[in-house]
> 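One structure is given below, represented as structure tokens, and several questions about it will come after.
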Amino acid sequence: MDNTRRYERLLDRYRHGDVSRRAMLGLIGASAAAYGVMGGPFRNFARAATPEQVRFDGWGGVVSEAFRQHAFDPYTKKTGIAVVDGTFGGADEYIARVRASQPGEFNLAHLSGVFDYARYHGLELTSELNEDNIPNLANVIPALQDVFRGITGGKLSAVPYDYGTTGIAYNRKHISDDEMKEKGAKILIDAAYKGKIGGWSDWKTRIWYGALQSDQDPNNIGDMDAVWDAIRANRDLVLKYWGSGAELMSLLAEEEIYVTEGWSGRIKALQDQGHDIGYLDPPGGLGWQECIFVLKGSPMEACEELLNFMLEPEVAIAVAEGQNYPPALDPAKVELSDKVKALPAFDPSGTLEGLNFFNAEYWNGNEEEWARVYSRVERGY
């Protein structure tokens, strides 16, 4: 109850302009660390460890540095409880750690897409949220909830938090809007741009775009040989496959590459910085959503209280403006800011019918074979 009142007081101060968005999010982070959980907009993972310490596992780099400075150190100074930092190199590495752990060691995970949700459920790592403790879930786009409910028998082990697209980013100094619209995904296998093409080093994205480049439905591929050929063609033209949003932005900003797949929010950040970078979601382009997943064995009431606060409209909108990805809030129920409405991938209808998502059953069913073959293709076979 004390924590609930603290959240309410903080939100009231934010609404009246007494606390800035940045200060509010810093206080949220410190409070989440006190629970031993962290998630949502912070794109990190955390677990409760012992009464003497909590553990934070994230992507490292500037994100972890920001949490150390603005949340962990102040929290430790106030409470005397240490925050232990952990990092991981990717989703596969993290899930391996979770599988090797004991129930309750890890709490919240900011998972990307229905694909990961289904994978965690298949490994029996799902929990069951008490939705009565998360009333703000009523403001979340129904379509984003329904895909999760379909996997876990109508229940939820996560709340949707944001969404975006992996479209094509291009330097307008070298590629016109008309050329981009004409060539679409196939520009990434255009020999005219050899050495100036980039791409994400993610096997799912490579296969999705390989399907588009071979004129196939990525969720119903009939000719995998054509997909592998397209991936090889792209591989032979690429200057570099990037592995992080920071690297993506650097390659485009420094004009090392002219065209690449890109995450909508990161491209918006480049545009806001003044770079003349265009962005196109080609026909059949890839949409995704992110959720805050609660792992089996977590302290459920504490997690649910934090999830509900993170879905408070003022909080979710502030986070969306900071990270340049639309919130999972339903625009038919919540008045969103003009900045959110201007974000790439934003759907004013709230239906998301214009976006294409991974079919979780289809992709999970092919993961073992496709990931194995892709690793060989990536190495030059």
> Between Ile151 and Ala118, what is the shortest heavy-atom contact and its length?
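Heavy atoms only, the tightest pair is CD1-CB, 3.8 Å.
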> Would Lys240 and Glu256 pass as an ion pair if we require N to O under 4.0 Å?
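No, this pair does not count.
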> Just how far is it from atom CG of Asn366 to atom CE of Met224, taken to the nearest 0.5 Å?
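Taking CG in Asn366 and CE in Met224, the distance rounds to 7.5 Å.
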> Between the main-chain N or O of Ser201 and the side-chain N or O of Arg206, is there a donor-acceptor pair closer than 3.5 Å?
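Judged by distance alone, no pair lies under 3.5 Å.
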> How long is the gap from NZ on Lys296 to NE2 on His121, to the nearest 0.5 Å?
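Spacing of NZ (Lys296) from NE2 (His121) equals 11.0 Å.
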> Kindly write out the residues that satisfy ring pair (Phe, Tyr, Trp, His ring centres under 6.0 Å) with Phe293, not counting sequence neighbours, or none if the list is empty.
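Testing Phe293 for ring pair (Phe, Tyr, Trp, His ring centres under 6.0 Å), a comparison that skips the adjacent residues, returns Tyr117, Tyr120.
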> Would you mind checking if Lys181 and Asp178 are paired as a salt bridge, meaning a charged N to carboxylate O distance below 4.0 Å?
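No salt bridge links Asp178 with Lys181.
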> Compare every heavy atom of Leu188 with every heavy atom of Asn234, then report the nearest pair and how far apart it is.
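The pair with the smallest heavy-atom distance is ND2-O, 3.0 Å.
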> Could you walk me through whether Leu129 and Val294 pass side-chain contact (heavy atoms from CB on, under 4.5 Å), step by step?
CA-CA 8 Å; Leu129 296 177; Val294 181; 3.8 Å; yes
> Between the side chains of Glu261 and Thr205, does any donor sit under 3.5 Å from an acceptor?
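Checked: Glu261/Thr205 side chains show no N/O donor-acceptor pair below 3.5 Å.
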> Calculate, to the nearest 0.5 Å, the distance between atoms CD1 and CD belonging to Ile189 and Gln213 respectively.
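Answer for the CD1-CD pair, Ile189 versus Gln213, is 4.5 Å.
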> List the atom of Ile141, the atom of Asp330, and the distance in Å for their closest heavy-atom pair.
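Minimum heavy-atom contact is CG1-CA, 3.6 Å.
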> Keeping to residues at least two apart or across chains, list the ring pair (Phe, Tyr, Trp, His ring centres under 6.0 Å) pairs with something in residues 164-185.
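Sorted result for residues 164-185: His174-Tyr258.
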> Would the number of heavy atoms belonging to other residues, nucleotides or ligands and lying under 6.0 Å from CD of Glu124 be above 12?
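Atom CD in Glu124 is not crowded, with 12 or fewer foreign heavy atoms closer than 6.0 Å.
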> For Asp281, which residues count as a salt bridge (Lys or Arg N to Asp or Glu O under 4.0 Å) partner, sequence neighbours excluded?
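In terms of salt bridge (Lys or Arg N to Asp or Glu O under 4.0 Å), with neighbours along the sequence ignored, Asp281 is linked to no residue.
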> When rounded to the nearest 0.5 angstrom, what is the spacing between CG in Leu286 and CG in Asn356?
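If we round to the nearest 0.5 Å, Leu286:CG and Asn356:CG are 8.0 Å apart.
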> side-chain hydrogen bond (donor to acceptor under 3.5 Å, both in side chains) with Glu255: which residues, sequence neighbours excluded?
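For Glu255 the side-chain hydrogen bond (donor to acceptor under 3.5 Å, both in side chains) partners, ignoring immediate neighbours, are Lys173.
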> Please name the pair of heavy atoms, one in Ala316 and one in Leu329, separated by the smallest distance, quoted to 0.1 Å.
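Here Ala316 and Leu329 meet closest at CB-CD1, 3.8 Å.
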> List the steps and the verdict of side-chain contact (heavy atoms from CB on, under 4.5 Å) for Val140 and Val159.
CA-CA 8 Å; Val140 172; Val159 297; 5.9 Å; no
> Can a donor-acceptor pair be found, under 3.5 Å and without considering hydrogens, that links the side chain of Lys155 to the backbone of Glu128?
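Answer holds: no.
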> With clusters defined by side-chain heavy atoms of hydrophobic residues (ILVMFWY) lying less than 4.5 Å apart, directly or transitively, does Trp200 cluster with Tyr279?
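Yes, because Tyr279 and Trp200 connect within a single hydrophobic cluster, where side-chain heavy atoms sit under 4.5 Å apart.
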> Would you confirm whether the ring centroid of Trp263 sits within less than 6.0 angstrom of the ring centroid of Trp288?
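No, the ring centres sit 6.0 Å or more apart.
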> Do Ile95 and Asp116 have side-chain heavy atoms sitting under 4.5 Å apart?
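Of all side-chain heavy-atom pairs linking Asp116 with Ile95, none is under 4.5 Å.
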> Which heavy atom of Phe346 sits nearest to which heavy atom of Lys341, and what is that distance?
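Closest heavy-atom pair between Phe346 and Lys341: CD2-O, 3.4 Å.
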> Starting at CD1 of Ile207, measure out to CD of Gln216 and round the result to the nearest 0.5 Å.
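Nearest 0.5 Å value for the CD1-CD distance: 11.5 Å.
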> What residues, two or more places apart in sequence or in another chain, satisfy side-chain hydrogen bond (donor to acceptor under 3.5 Å, both in side chains) together with Asn130?
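With neighbours one apart ignored, the set is empty.
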> Sequence neighbours excluded, which residues qualify as side-chain hydrogen bond (donor to acceptor under 3.5 Å, both in side chains) partners of Asp215?
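Listed in chain order: Lys186.
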> By salt bridge (Lys or Arg N to Asp or Glu O under 4.0 Å), which residues pair with Glu361, not counting sequence neighbours?
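With neighbours one apart ignored, the set is empty.
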> Quick one: salt bridge (Lys or Arg N to Asp or Glu O under 4.0 Å) partners of Arg235, sequence neighbours excluded?
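With sequence neighbours excluded, Arg235 shows a salt bridge (Lys or Arg N to Asp or Glu O under 4.0 Å) to no residue whatsoever.
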> Indicate yes or no: at least one non-hydrogen side-chain atom of Pro327 is less than 4.5 angstrom from one of Val340.
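Of all side-chain heavy-atom pairs linking Val340 with Pro327, at least one is under 4.5 Å.
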> Report yes or no: do Ile187 and Tyr241 belong to one cluster of Ile/Leu/Val/Met/Phe/Trp/Tyr joined by side chain heavy-atom distances under 4.5 Å?
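Yes; Tyr241 is reachable from Ile187 via cluster members.
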> Give me each pair satisfying ring pair (Phe, Tyr, Trp, His ring centres under 6.0 Å) with a member in residues 206-239, each pair once, sequence neighbours excluded.
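Only Trp208-Phe358 qualify under ring pair (Phe, Tyr, Trp, His ring centres under 6.0 Å).
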> Taking Tyr163 for the side chain and Asp347 for the main chain, is one N or O donor matched with an acceptor at less than 3.5 Å?
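Indeed, once roles are kept as given, a pair shorter than 3.5 Å links the two residues.
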> May I ask you to test the Asn139-Leu311 pair for a side-chain heavy-atom distance under 4.5 Å?
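No, too far: nothing below the 4.5 Å cut-off.
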> Supply the atom-to-atom distance Asp132 CG to Asn308 CG, rounded to the nearest 0.5 angstrom.
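The distance works out to 11.0 Å.
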> Is there a donor-acceptor pair under 3.5 Å between the side chain of Ser250 and the backbone N or O of Glu247?
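No, because the side chain of Ser250 does not come within donor-acceptor range (under 3.5 Å) of the backbone of Glu247.
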> Check whether any side-chain N or O of Tyr325 sits under 3.5 Å from a backbone N or O of Tyr161 as a donor-acceptor pair, and report yes or no.
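No, because the side chain of Tyr325 does not come within donor-acceptor range (under 3.5 Å) of the backbone of Tyr161.
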> For Asp272, is there an ion pair with Lys268 - N to carboxylate O distance below 4.0 angstrom?
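Looking at Lys268 and Asp272, the cut-off is met.
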> Spell out, yes or no, whether Phe357 and Ile221 are grouped together once hydrophobic residues are joined by side-chain heavy atoms under 4.5 Å, including indirect joins.
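Different hydrophobic clusters.
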> Is there a path of hydrophobic side-chain contacts, each under 4.5 Å between heavy atoms of I/L/V/M/F/W/Y residues, joining Trp370 to Phe115?
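Both belong to a single hydrophobic cluster.
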> According to a 4.5 Å side-chain heavy-atom criterion applied to Ile, Leu, Val, Met, Phe, Trp and Tyr, with indirect links allowed, do Ile267 and Trp242 form part of one hydrophobic cluster?
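Shared cluster, yes.
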> Who passes side-chain hydrogen bond (donor to acceptor under 3.5 Å, both in side chains) against Lys194, sequence neighbours left out?
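For Lys194, no residue satisfies side-chain hydrogen bond (donor to acceptor under 3.5 Å, both in side chains) once neighbours in sequence are set aside.
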> For Tyr193, which of Ile257, Ile175, Leu239 qualifies under side chain to side chain contact (heavy atoms under 4.5 Å, CB included)?
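Considering Ile257, Ile175, Leu239, a side chain to side chain contact (heavy atoms under 4.5 Å, CB included) with Tyr193 is found only for Ile175.
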> Does the Thr165 side chain pair with the main chain of Ser264, one donor and one acceptor, at a distance under 3.5 Å?
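No; judged by distance alone, with no hydrogens or angles, the pair does not exist.
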> Heavy atoms only: give me the nearest Leu270-Ala253 pair and the separation to one decimal.
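Smallest interatomic distance, heavy atoms only, reads CD2-CB, 4.0 Å.
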> Walk me through it: do His275 and Leu252 pass the test side-chain contact (heavy atoms from CB on, under 4.5 Å)?
CA-CA 9 Å; His275 297 284; Leu252 284 169; over 6 Å; no
> Enumerate donor-acceptor pairs with a distance under 3.5 Å from any side-chain N or O in residues 373-381 to protein atoms, sequence neighbours excluded.
residue : atom : partner : partner atom : Å
Ser375  : OG   : Arg372  : O            : 2.6
Arg379  : NH1  : Ser375  : O            : 3.2

> Checking the side chain of Thr260 only, and the main-chain atoms of Ile197 only, is there a donor and an acceptor separated by less than 3.5 Å?
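No, because the side chain of Thr260 does not come within donor-acceptor range (under 3.5 Å) of the backbone of Ile197.
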> Would you call Glu367 and Lys204 a salt bridge, using N to O less than 4.0 angstrom?
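Between Lys204 and Glu367 there is no salt bridge, as every charged N stays at least 4.0 Å from the carboxylate O atoms.
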> By salt bridge (Lys or Arg N to Asp or Glu O under 4.0 Å), which residues pair with Asp146, not counting sequence neighbours?
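If we apply the salt bridge (Lys or Arg N to Asp or Glu O under 4.0 Å) test to Asp146, skipping adjacent residues, there are no hits.
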